Q: 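One structure is given below, represented as C-alpha cells, and several questions about it will come after.
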Amino acid sequence: MAPFEALYGRWCRSPIGWFDPSEAKLYGTDLVQDALDKVKLIQERLRTAQSRQKSYVDQKTRDVSFMVGEKVLLKVSPMKGVMRFGKKGKLSPRFIGPFEVLR
C-alpha cells in the first residue's frame with residue numbers, strides 16, 4: 001500500500017504517484033543536449049541575420065573626403081521637444097552651415 005493511500009484511504013491523483021521510480025527513465029542528458037543544439041542553431045541564425053544586415057548597410061555607406069577650403073553643411077538630427085538652432089517643429093533645419101574645412 002502506498003503512503004498516500006494509507007494516509008487518505010484513496011489513490012493519489014497527482015502524476016507524481018502514477019509511476020514507480022524504478023521504471024523512470026533518465027531524460028536529463030537528452031534534454032540538455034537538445035537545448036544546447038537549439039542554442040547553437042539560434043546563434044548561427046542570429047549571425048546570419050546580422051551579416052545580412054551589415055552587408056545592406058555596407059552597400060549604402062561611402063567614404064567621404066574633403067579638401068581644405070571647401071564649404072560643407074553639417075547634418076542635424078532633430079530632437080523632439082528640444083529647441084535647437086532657434087526653430088522648433090516641421091520647419092526646423094536639417095542641415096546647418098556652410099562651414100569651411102580648415103584641415
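Residues: numbered from 1 along the sequence shown. It should be emphasised that the depicted structure is a prediction, and the values quoted were computed from it without experimental measurement.
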Q: Between P98 and K71, which heavy-atom pair has the shortest distance, and what is it?
A: CB-CB, 4.2 Å
Q: Say you draw a straight line from CG of L41 to CG of L46; how long is it, rounded to the nearest 0.5 Å?
A: 10.0 Å
Q: Can you tell me how far the CD atom of E70 sits from the OG atom of S65, to the nearest 0.5 Å?
A: 8.0 Å
Q: Side chains of V101 and V72, heavy atoms from C-beta outward: is any pair under 4.5 Å?
A: yes
Q: In sequence, state the C-alpha distance, the side-chain angles, and the governing distance for K54 and D58, and then conclude on salt bridge (charged side-chain N to carboxylate O under 4.0 Å, His left out).
A: CA-CA 6 Å; K54 184 179 183 317; D58 288 344; 2.9 Å; yes
Q: Return the CG to NZ distance between L73 and K75, rounded to the nearest 0.5 Å.
A: 12.0 Å
Q: I need the D37 CG to I42 CD1 distance, nearest 0.5 Å.
A: 11.0 Å
